[in-house]
Amino acid sequence: MAFSFKQYIQKHTRITEAQFDQIADRWDLAPRTYTKGRILLHQGDLSGYIYFVTKGILRSYLVDVNNKEHIIQFAPENWWMGERNSSLFNEPAAYYIDVVEDAEVVRLENQFIENAQKICPEFVQLNTYLLNNNIRHLQNRICQLLGASAEERYLNFIHLYPDLTLRVSQIMIASYLGITPESLSRVRRELASKYAKH
C-alpha cells in the first residue's frame with residue numbers, strides 16, 4: 001500500500017496534526033512529478049536533497065570506467081532515496097539517482113529531518129530507524145554479492161521488492177544482482193521448472 005508522506009510520518013511517529021501543520025508550513029511537502037528517465041542526481045555532483053517516493057520507482061546506480069551501469073538500490077512506493085555520502089559529508093555523489101517509472105516524489109532538503117525534530121522530537125527516532133535500516137540493507141547487499149548464488153540473489157530480490165519483477169526490465173534486475181541478463185533468464189527458467197514440479 002502506498003502512503004502519502006503525511007501518512008508515512010504518522011505511521012512512524014506520534015506526530016500531532018499541529019506539529020505536522022507546522023512542518024508543512026515551513027517546508028514544501030507537496031509531491032513533485034518526475035517522468036521516466038529524469039536524472040535527479042548526477043554522479044560527481046553535490047546532493048542537496050533526499051526523496052520519499054509516493055508513486056513510481058527511483059533507482060541509484062553508478063557507472064564504471066567501462067561505462068557499465070551497476071544498480072545499487074531501487075526505491076518504490078514508501079521508500080526513501082538519497083546519497084548520504086554527499087548529503088551528510090558534502091562530498092561528490094558516488095552514484096546517480098534517476099526515475100525508472102513515472103513518479104511522484106516528496107523532495108526534501110538534506111537538513112529536513114534534523115530541523116523537523118525541533119518541532120517533533122520523535123523525528124530523532126525516525127532518523128535513527130532510517131539510518132539503521134539503510135545500513136542493514138547495504139550489509140545484506142554486500143553479503144549477497146560476495147557469497148550468494150545467482151538464484152539466491154534473485155530470490156532475495158523478489159523478497160525485498162515483491163512487485164518489481166513486472167515493473168523494471170530484466171536488464172536492470174540483472175544489473176542489481178551483479179549478473180548478466182542471460183544468467184538471469186537461466187535462473188528464472190530453472191526456478192520456473194523447479195516450482196512446476198511441485
Side-chain angles (χ1 to χ4, degrees), residues 1-63 69-142 160-161 176:
M1 175 184 175
F3 291 114
S4 69
F5 183 69
K6 182 178 182 179
Q7 288 171 324
Y8 179 91
I9 297 301
Q10 288 173 328
K11 176 178 168 65
H12 290 279
T13 69
R14 290 192 297 269
I15 193 169
T16 66
E17 287 289 335
Q19 287 173 327
F20 190 87
D21 288 345
Q22 271 187 277
I23 290 171
D25 286 343
R26 190 169 299 186
W27 292 282
D28 178 12
L29 304 182
R32 297 166 182 261
T33 301
Y34 296 115
T35 56
K36 179 179 178 178
R38 170 78 177 270
I39 296 177
L40 304 181
L41 177 67
H42 287 82
Q43 191 172 337
D45 287 353
L46 290 178
S47 174
Y49 302 100
I50 53 176
Y51 303 92
F52 176 79
V53 182
T54 58
K55 182 180 178 182
I57 306 169
L58 306 184
R59 68 168 175 159
S60 59
Y61 65 98
L62 61 85
V63 178
E69 292 182 3
H70 302 272
I71 297 177
I72 300 165
Q73 178 190 344
F74 292 99
E77 292 82 3
N78 307 326
W79 280 60
W80 295 79
M81 176 70 77
E83 213 287 13
R84 289 185 177 272
N85 190 55
S86 182
S87 60
L88 293 178
F89 300 103
N90 203 37
E91 296 180 357
Y95 49 76
Y96 290 87
I97 295 175
D98 74 0
V99 181
V100 175
E101 181 183 274
D102 289 353
E104 289 182 0
V105 175
V106 178
R107 189 182 76 173
L108 302 164
E109 295 177 0
N110 291 331
Q111 297 78 23
F112 169 78
I113 291 181
E114 179 183 340
N115 291 329
Q117 69 191 31
K118 297 172 185 175
I119 295 172
C120 178
E122 286 201 20
F123 269 84
V124 175
Q125 285 79 26
L126 175 60
N127 192 39
T128 300
Y129 166 77
L130 293 174
L131 283 169
N132 288 335
N133 199 43
N134 187 54
I135 292 168
R136 178 170 67 99
H137 284 304
L138 288 176
Q139 286 179 331
N140 186 53
R141 286 281 286 134
I142 293 168
L160 184 60
Y161 301 115
Y176 176 88

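Reckoned from all heavy atoms, side chains included, excluding hydrogens, waters and symmetry mates.
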**Asked** side chain to side chain contact (heavy atoms under 4.5 Å, CB included) between Gln10 and Glu17: does it pass, once the steps are laid out?
**Response** CA-CA 9 Å; Gln10 288 173 328; Glu17 287 289 335; 3.2 Å; yes
**Message:** Pair Phe112, Leu29 - check side chain to side chain contact (heavy atoms under 4.5 Å, CB included), show working.
**Reply:** CA-CA 11 Å; Phe112 169 78; Leu29 304 182; 4.0 Å; yes
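You'll find the side chain of Arg84 reaches within 4.5 Å of the side chain of Leu130, heavy atoms only. Arg59 places a side-chain heavy atom less than 4.5 Å from the side chain of Glu69. Side-chain contact between Phe5 and Leu108 is present, with at least one heavy-atom pair separated by less than 4.5 Å. Residues Phe123 and Asn115 form no side-chain contact, since every pair of their non-hydrogen atoms from C-beta on lies 4.5 Å or further apart. Counting only heavy atoms from C-beta outward, the side chains of Ile23 and Ile9 never approach each other to under 4.5 Å. By the 4.5 Å heavy-atom criterion applied to side chains, Phe3 and His12 are not counted as neighbours. Residues Tyr49 and Leu40 form no side-chain contact, since every pair of their non-hydrogen atoms from C-beta on lies 4.5 Å or further apart. At a threshold of 4.5 Å between non-hydrogen side-chain atoms, the residues Trp79 and Phe74 do not count as touching.
When all heavy atoms of Ser60 and Met81 are compared, the closest pair comes out as N-CE, 3.5 Å. Contact detail for Val99 and Glu101: the closest heavy-atom pair is CG1-O, 3.2 Å. Closest approach of Pro92 to Leu46, counting heavy atoms only: N-CD2, 3.9 Å. Shown here for Gly82 and Ile50, the closest heavy-atom pair between the two residues is CA-CG2, 4.3 Å. Taking every heavy atom of both residues into account, Leu41 and Ala93 meet most closely at CD2-CB, 3.7 Å. Arg32 approaches Asp28 most closely through the heavy-atom pair NH2-OD2, 3.5 Å.
Judged purely by atom type and a 3.5 angstrom limit, Asn110 uses its side chain to pair as donor or acceptor with the backbone of Ser47. At distances below 3.5 Å, at least one donor-acceptor pair connects side-chain atoms of Gln19 with backbone N or O atoms of Thr16. A donor-acceptor contact shorter than 3.5 Å is absent between the side chain of Gln117 and the backbone of Glu122.
The CD1 atom of Ile135 sits 13.5 Å away from the CG atom of Asn140 when rounded to the nearest 0.5 Å. Note that the CG atom of Leu126 and the CG atom of Leu131 stand 9.5 Å from one another [nearest 0.5 Å]. Note: Tyr96 OH to Ile71 CD1 = 13.5 Å, rounded to the nearest 0.5 Å. Distance CZ/Arg26 to CD/Gln22: 6.5 Å, rounded to 0.5 Å. Between the CD atom in Gln7 and the CG atom in Asn78 there is a gap of 9.0 Å [rounded to 0.5 Å]. Expressed to the nearest 0.5 Å, how far CD1 of Ile119 lies from CG of Asp25 amounts to 9.0 Å.
Between the side chains of Glu83 and Gln43, no donor-acceptor pair is found at a separation under 3.5 Å.
With ring centers used as reference points, Tyr95 lies 6.0 Å or more from Tyr61.
Under a cut-off of 6.0 angstrom, the local environment of NZ in Lys6 is crowded, with over 12 non-hydrogen atoms contributed by other residues, nucleotides or ligands. Within a 6.0 Å sphere centred on CD of Glu109, heavy atoms belonging to other residues, nucleotides or ligands number 12 at most.
The stretch residues 127-142 participates, sequence neighbours left out, in no salt bridge (Lys or Arg N to Asp or Glu O under 4.0 Å) pair at all.
Using cut-offs of 30° and 60° on the angle between ring planes, the pair Trp80 and Tyr8 is perpendicular.
Lys36 meets the side-chain contact (heavy atoms from CB on, under 4.5 Å) test with Asp102; sequence neighbours excluded. Taking His70 as the reference, nothing meets the ring-ring contact (aromatic ring centres under 6.0 Å, His included) condition, with sequence neighbours excluded.
For the side-chain contact (heavy atoms from CB on, under 4.5 Å) with Pro31, the qualifying choice from Val105, Val53, Thr54 is Thr54, the only one to do so.
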